[in-house]
K.L.:
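This is the structure, below, for whatever I ask next.
Order of the sequence lines fixes the chain letters, A, B, ..., with proteins taken first and strands second; residue numbering starts at 1 for each chain.
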Protein chains: 2
Amino acid sequence: MCVSNRDLFHGFSLQSVDDKGRVAIPADLRETLDANSPAKQVLITRHPTLPCLVCYDAGWAQELNDRLNNLARAAKAEGRPFDEAAERRGLRAEKATYDANGRFVIPSYERDRAGIGKWAFFVGDSDTFQIWSPEQLVAADIDDDDLKDRCRHYAAAKKVTL
Amino acid sequence: MCVSNRDLFHGFSLQSVDDKGRVAIPADLRETLDANSPAKQVLITRHPTLPCLVCYDAGWAQELNDRLNNLARAAKAEGRPFDEAAERRGLRAEKATYDANGRFVIPSYERDRAGIGKWAFFVGDSDTFQIWSPEQLVAADIDDDDLKDRCRHYAAAKKVTL
DNA sequence: CCATTTGACCCCAATTTTCCCCACAATCAT
DNA sequence: ATGATTGTGGGGAAAATTGGGGTCAAATGG
């Protein structure tokens, strides 16, 4: 089960959020979405611990679901305890479609909780990608100075003051 | 485990960076990139400890990701602690495509952090290759006199003063 | 039930950025 | 030397991002 033949999400980008709440998914990440699933859709969840969003394609959602089912079956067969309901909560997600320009509307609950305003910082993370409010990121109490630094660099390049 | 029949990166070269930020990947290294992945792309990260960049092909990225997923699964199955988010940070990378002449644009954050100006020193390192600012390399507080010496030699050959 | 509002989509257009292509210089191998 | 490959410079074409309409349908409230 080594080769899943999926494209990975790589790259970083600071994108503007317009007055309608739309953001363009950076071309690099969108390319991966399109490669992994023909549906022009992106699944959006809150990160379990960090104040950011986690996004992926429909194919990855299926993969996660399959794995969970396999774990549940194995646990049951071996009589181990397995809180399937809890595990399944981690798979809940919003679904959004993106248009020909690669834009979608960040669902209001997710946008609100991630504190996303005028700008959205995209972070490719292999099987998924994250979306941060740049302001939240640089202020966050996390051990990832490089990401914060990178965010500042991208902000400066677009003349955005955080 | 996957039998990955991969070519290795070998060789050294000092390349110029033009006004657009473009640099040609030396032919030896490019050959390996092409052999390992049909995508004309190179993934670029910062070295975890040294002031240089680490680059590799998309196939190696997939290999690293597969290994990480397997480790995470094993750890979970055996109830061992595993900081997946931290491990995953090491896999984050910028993606750049190179043209028919083998040139790509060094992403501005990476270029900035590696202190790369007019010249880029390429170092084959088996599964990956490194890109150094020659000035940073010879001044770096590292125990690799041979590499520094080699860099000076290449610089002298191109009449570059460091 | 009908009028009005809201908002989700879709299309078009301008600007910026990237990348593709061609020509030429330098280097290497024969 | 000379032809082939590799590296370098620059301009034009294509794509990405962003702003702003318009249209249709569901929801709201008279």
Side-chain angles (χ1 to χ4, degrees), chain A residues 9-35 39-42 44 94-112 116-122 124 129 131 134 153-160, chain B residues 9-35 39-44 94-111 116-122 124 129 131 134 153-160:
Chain A
F9 296 101
H10 288 300
F12 308 83
S13 184
L14 184 64
Q15 304 286 97
S16 82
V17 182
D18 70 16
D19 294 339
K20 296 179 180 179
R22 294 178 299 184
V23 241
I25 303 167
D28 287 343
L29 301 177
R30 199 185 329 151
E31 212 174 278
T32 300
L33 282 174
D34 290 337
K40 295 279 186 183
Q41 292 181 338
V42 58
I44 305 155
E94 280 274 9
K95 186 166 65 177
T97 65
Y98 50 93
D99 64 21
N101 294 335
R103 285 189 293 194
F104 73 103
V105 178
I106 306 179
S108 104
Y109 173 72
E110 277 76 12
R111 178 172 178 185
D112 186 67
I116 293 171
K118 185 78 192 68
W119 296 94
F121 186 60
F122 287 73
F129 63 90
I131 306 179
H153 180 95
Y154 278 71
K158 296 214 172 187
K159 305 194 195 324
V160 177
Chain B
F9 296 100
H10 289 302
F12 309 84
S13 182
L14 184 64
Q15 304 284 98
S16 83
V17 182
D18 72 16
D19 293 341
K20 294 182 179 178
R22 292 180 300 185
V23 60
I25 303 167
D28 289 343
L29 301 177
R30 199 185 329 155
E31 211 174 283
T32 299
L33 282 174
D34 290 336
K40 294 279 187 183
Q41 292 181 338
V42 59
L43 292 169
I44 306 154
E94 278 279 10
K95 185 167 65 177
T97 64
Y98 51 92
D99 63 21
N101 296 331
R103 284 187 296 189
F104 72 101
V105 178
I106 306 179
S108 120
Y109 177 71
E110 276 76 12
R111 180 173 177 183
I116 293 171
K118 185 76 192 70
W119 297 94
F121 185 59
F122 286 73
F129 62 90
I131 307 179
H153 177 87
Y154 277 73
K158 297 214 174 188
K159 305 193 195 327
V160 177

K.L.:
With no hydrogens and no angle check, is any side-chain donor or acceptor of R103(A) less than 3.5 Å from a backbone partner on I25(A)?
P.N.:
no
K.L.:
Write down the distance between CD1 (I106(B)) and P (dT18(C)), rounded to a whole number of angstrom.
P.N.:
14 Å
K.L.:
Does L14(B) reach a base, just sugar-phosphate, or nothing at all? Heavy atoms under 4.0 Å.
P.N.:
nothing
K.L.:
Return no unless some side-chain N or O of K118(A) is found under 4.0 Å from OP1 or OP2 of dT18(D).
P.N.:
no
K.L.:
Using a heavy-atom cut-off of 4.0 Å across all strands, would you classify K158(A) as base, sugar-phosphate, or nothing?
P.N.:
sugar-phosphate
K.L.:
Within this structure, what is the CZ-to-P distance between F104(B) and dT17(C), rounded to whole angstrom?
P.N.:
21 Å
K.L.:
Any protein N or O atoms within reach of nucleotides 20-23 of chain C? Criterion: under 3.5 Å, listing atom names and distances.
P.N.:
residue, atom, partner, partner atom, Å
dC22(C), N4, N101(B), ND2, 3.2

K.L.:
Measure CH2/W119(A) against C1'/dT17(D) and give the value in whole Å, please.
P.N.:
10 Å
K.L.:
Any non-hydrogen side-chain atom of F129(B) less than 4.5 Å from a side-chain atom of V42(B)?
P.N.:
yes
K.L.:
Whole angstroms only, please: what is the CG-P distance between D18(B) and dC19(C)?
P.N.:
14 Å
K.L.:
To the nearest angstrom, how far is Y154(A) atom OH from dT17(C) atom C1'?
P.N.:
14 Å
K.L.:
Just compare dT18(D), dT6(D), dT8(D) and give me whichever is closest to any side-chain atom of A27(B).
P.N.:
dT6(D)
K.L.:
Check the distance between dT5(D)'s C1' and R30(B)'s CZ and give it to me in whole angstrom.
P.N.:
10 Å
K.L.:
Taking the basic N atoms (NZ, or NE/NH1/NH2) and the acidic carboxylate oxygens, is any pair closer than 4.0 Å for K40(A) and D99(A)?
P.N.:
no
K.L.:
Distance-only, no hydrogens or angles: does the K118(A) side chain make a donor-acceptor pair with backbone N or O of V17(A) under 3.5 Å?
P.N.:
yes
K.L.:
Can a donor-acceptor pair be found, under 3.5 Å and without considering hydrogens, that links the side chain of Q15(B) to the backbone of A24(B)?
P.N.:
yes
K.L.:
Taking the side chain as every heavy atom from C-beta outward, state whether L33(B) and F9(B) have any atom pair closer than 4.5 Å.
P.N.:
yes
K.L.:
Take atom NZ of K159(B) and atom C1' of dA26(C), then tell me their distance rounded to the nearest Å.
P.N.:
13 Å
K.L.:
Does some side-chain heavy atom of Y98(B) sit less than 4.5 Å from a side-chain heavy atom of D34(B)?
P.N.:
yes
K.L.:
To the nearest Å, how far apart are Q41(A) CD and dA8(C) P?
P.N.:
16 Å
